[in-house]
Structure formats: C-alpha cells, structure tokens
Protein chains: 2
Amino acid sequence: MTRVLVVDDDPQLLRALKINLAARGYTVLTALDGTRALHVAAHQHPDVIVLDLGLPDLDGTDVITGLRGWSTIPIIVLSARTDSGDKVEALDAGADDYVTKPFGMDELLARLRAAVRRASTDPTGNEPVVHAGALDIDLAAKQVARDGEVVHLTPTEWGILELLVRHQGRLVSQRQLLTEVWGPRYQTETHYLRVYLAQLRRKLEPDASHPRHLITEPGMGYRFKP
Amino acid sequence: MTRVLVVDDDPQLLRALKINLAARGYTVLTALDGTRALHVAAHQHPDVIVLDLGLPDLDGTDVITGLRGWSTIPIIVLSARTDSGDKVEALDAGADDYVTKPFGMDELLARLRAAVRRASTDPTGNEPVVHAGALDIDLAAKQVARDGEVVHLTPTEWGILELLVRHQGRLVSQRQLLTEVWGPRYQTETHYLRVYLAQLRRKLEPDASHPRHLITEPGMGYRFKP
DNA sequence: ACTGGTCTTGACGCTTTCTTAACGGCCCTG
DNA sequence: CAGGGCCGTTAAGAAAGCGTCAAGACCAGT
C-alpha cells in the first residue's frame, strides 16, 4: 500500500485530498504545517509527499530542503501561485513536480502515480554505511569516520562527499557537482570544487597529495574510489 | 554535457528551444516527428527528452510507450491542450512531467533540471559495460580497463571512444566525430582524429600498428569493432 | 557587538591536455 | 614510377585546468 503524506493548512482541501486518495487505495498521512510535516515524514516514512507551499510556519522551500537533507522521497508541490519564479525555486530546491491550483484531481493522481513509479525503480534508500579503506561513511546519519574517529564536515563538504559516494566508482562531472551542491547557477564556478576537494582530502585522505579515494579526472570531474 | 532531445513539429518553437537550451550549456538534438524521435533516441542516447504531443505522424502516447519499451530516459511532455485527460494519459503512459503551452522558458528549464537530477541520482544506470577483447568499457563510470587495469583517458580521448562504442560495429564519419567531440566548427580538422586515434590505439590496442578494435575506414571515418 | 565557523574570492606555481607542425609510409591514379 | 592524397607517428610549445594557501565576507549564536 502506497503511503502519501499530504501537507496543507487548508482543512477543506486536506479533507478532499484525503477522501480522494483513500478512495484510490492510498494510505494517507496528513500535516497542517511545515514543522509537523517534517516530523511526520521522518517518523512515518511516506512513499510520496504532496506539499502545499502556503504554510503558516515555514517557507515552502525550507520544507523541501529540510526533507532533501536526509531523504529522496518524491515531493509534489501544490501552490496557488502561478508565478514561474516560485516554480523554479521549488523545483531547484529538490521538488519533483509542481502543480498549480486549481488543479484537477485526476491530474494530481496521475502525477502522483508518475512520481511513485519513478521512485519504485530507484533502489536508493537502503545503503546506510559505505566503507572505503579507513573511512566509514554513514549516509543516513550524515557522518564520516576515519580510523573510527568521527570527522567533522561542513554542509558543503558533506554535500560533495555524499554525491560522490552515492555514485561511487562512477565519474561525477564538475557540472553535476556544482548544480547539485551549489545550485544550477554555479555551473561554471569550478574553482569551488578545487578548494573543497582539497579540504576534503586534507580531512579524509591518509596522504592528501596522493589521494586514494577522491580522484580527480582532469577536465571531466571527480570520482570516489572505494 | 547533458544531451536533450527536443521533439516538435513547429520549426519556430524548435528553434527557440534549441537556442535557449544551447545557451544553458545543453547539447541539443532535434526531431520533427515521432518516427524520427524514436530513431534519434535509440541511436544518440539523450539524457532527457522534451516531447511535443501534437506530432504529424504518431500519437504522443505511442511515442512515449515506444520509448518506455526499452528506456527509462526522463520524458517531459509539452502540449497546447490543457485538458486533464491528456495529461493523465501521457503521465500514465510513462511521461515524467507535463508542461502546458504557453510556458515560461525558466519553468521548463527548472523542470528539465529536476528531471535530470532525478535520473542522475537514480543508479538504475542501464548503461552497459561493453566488452571487447581485453577491453572493458564502462559507459556509466566513464572508465576503460585493459586486461583489468584501468587506463586513464583524457576528455577528448574518452569522447571519441564513447561515440565509437555507442555506435559499435557501425561506421562513424569523420564529420560526426569532429562535430560531436570538438564542435561543429572543427569539421575539417581531420588531422585531430589521426592524432587522437593514434593515442587511443597506443593506450588500448594490444598492437597499435595492427588495430583490432579501432578500425580506420580510409576516406570515410572510423569504426569500433567489438 | 563579538566570536567562531563557514563560504567566497584572489593569486601563484605546477601538471595535464590540446593544438600544431614536421616527416615518413601506404595506396591509388595517371 | 612519379605524384598527390590520406593516414600514422612523434614531439614541443601553448593553453587550460588543478592544488594550495590565505585573506576577507558572511552568518548565526552568544
């Protein structure tokens, strides 16, 4: 049974969605504001989230980034605002889809099915700890240990490491690193990568000048070698 | 570089999209109808497809199902019809997103980024590893091994090899190699090919002077023989 | 307002990669 | 068999990319 978390501060709409989704066989969880949404998402592990942007407590994009910090659950954003700036912002923050109110219920359901279908072919979600040499990288806990000692990483450092580790062995292009860690507008700031890769190597590699795990492929990108 | 296939029968819109996408650093492939779209998708392996539903030859959903038969490439549907029935149909056929015309270019770009982001974090990398003699060519990892030993390639070398391997067995013209690896303005610089093919053979072939995989077809182009 | 941590930015030397040139071999044609 | 394409090989200078260090900007918590 697919579990949907619906986040909306409008009780009427919430109720309508709940009825419709339940009628289609979904299990429905609900939250009235962003804080509770994050809480429910963390504890109930829904399969997909329908998120209204106009929440009383938190900004919509903050909810998205809060979720994306630890999860890849598909997020479908609902909003009354047709402004394309909002859409861009939400999508770049990590939303999977954006539906403008008023919307047809069958359209929302179709988008929901599309989101769930995609997620179900994606076996990401149960790969908690990656070991590589003296490194233990816990993706769920967002923590790295070197020789058993926990190493502190900044958010940006972690973002880079996580992306590389999730694609371990594969080449990750500079462009992808920049868009996913900094955002699509930073695609050309390759300098950042050099600075941060040097920092990561200093923290994680036995010999920073001869890296064994964080490999540079000149002109192409970087690669995490286990 | 992300490769986008744009399918539209309206030359004007096609041109506008091409310019905008190219300006954002995408490599743009185009097709004017469904048949050609399926052909290009199969042979050029784009990273994402933007598909207009109003095509002259095939029904939009047929194009989607045709693609979904063998590929999980993200598909963003474009349509003038706001009818929610069409959306449901397209999404259930396997489309990833549905954008109604007229649309804002920045919104489309954001949805494009979202689709590419999802696909890239999805390790359903159905890019195969191609074996040829002592060579193992991993297209997803962008890595080649010879007798199990990883061989380092420069970006240009990899670009040539990848193109040839993706068209394995078939002849790839010099013109195509030059335009895809160096850019359309280098179509006459056939000399580059000689230099780089020699380098590739030295790195990959058992006997560089009697190549078994990287075959020259004099006056025509090159061919990768598995 | 101060502090500590983090992110951005600039400068420099070094390495890798690209471009270009020169030369010799092969094969077809006249 | 002479000449002109076309191809392969090698090498060296030019250009682009990389690693490193460090200073200033920014931001949140005290």
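Below, read A as the first sequence line, B as the second, and so on, with proteins coming before strands; counting in each chain starts at 1.
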Tell me yes or no: between the side chains of B:Arg201 and B:Thr216, is some donor less than 3.5 Å from an acceptor?
yes
Both A:Arg202 and B:Glu217 contact DNA chain D. Taking the nearest nucleotide for each, which residue is further toward the 5' end?
B:Glu217
Given D:dT9, C:dC7, D:dT20, the nucleotide with the shortest approach to the side chain of B:Ser209:
D:dT9
Of the listed nucleotides (C:dC7, D:dC18, D:dT20), which one gets closest to any side-chain atom of A:Pro155?
C:dC7
Check whether any side-chain N or O of A:Arg194 sits under 4.0 Å from OP1 or OP2 of D:dG17, and answer yes or no.
no
Side-chain contact check for B:Tyr222: nearest option of D:dC18, D:dG8, D:dT10 is D:dG8
Roughly how many Å is it from CD in B:Gln199 to P in D:dG8, rounded to a whole number?
13 Å
Base, sugar-phosphate alone, or nothing: which one does B:Thr190 contact when heavy atoms must sit under 4.0 Å apart?
nothing
Just say parallel, tilted or perpendicular for the rings of A:Trp182 and A:Tyr196, cut-offs at 30° and 60°.
perpendicular
Given C:dT19, D:dC18, D:dT9, the nucleotide with the shortest approach to the side chain of A:Thr216
D:dC18
How about A:Thr2 and A:Asp47: does a side-chain donor come under 3.5 Å of a side-chain acceptor?
no
Integer-rounded Å distance: D:dC7 C1' and B:Tyr196 OH
18 Å
May I have the distance from A:Arg185 (atom CZ) to C:dC7 (atom P), rounded to whole angstrom?
18 Å
What's the OH-P distance between B:Tyr192 and C:dC18, to the nearest Å?
11 Å
Between B:Arg146 and B:Asp136, does at least one N-O distance fall below 4.0 Å, as a salt bridge requires?
no
Quickly work out the B:His152 NE2 to C:dC18 P distance and round it to whole Å.
9 Å
Separation of D:dC7 C1' from B:Ile215 CD1 (nearest whole Å)
14 Å
Result for 5'-nearest mapping on DNA chain D, choosing between A:Gly221 and B:Val195, is B:Val195
Roughly, in whole Å, what's the span from NE2 in B:His191 to P in D:dG5?
17 Å
Hey, is the side chain of B:Trp182 poking within less than 4.0 Å of OP1 or OP2 on C:dT19, counting only N and O atoms?
yes
Regarding A:Gln174, tell me which of base, sugar-phosphate or nothing describes its non-hydrogen contacts under 4.0 Å with the strands shown.
sugar-phosphate
Heavy atoms from C-beta onward define the side chain here; which of C:dT17, D:dG19, D:dC21 lies closest to that of B:Thr154?
C:dT17
With the side chain defined as heavy atoms from C-beta on, B:Thr156 is closest, among D:dT20, D:dT10, C:dC18, to C:dC18
With salt bridge (charged side-chain N to carboxylate O under 4.0 Å, His left out) as the test, would you mind laying out the steps for B:Arg117 and A:Glu180 before giving the verdict?
CA-CA 8 Å; B:Arg117 160 163 39 81; A:Glu180 300 220 10; 5.7 Å; no
Whole angstroms only, please: what is the CD-C1' distance between B:Glu189 and C:dT20?
10 Å
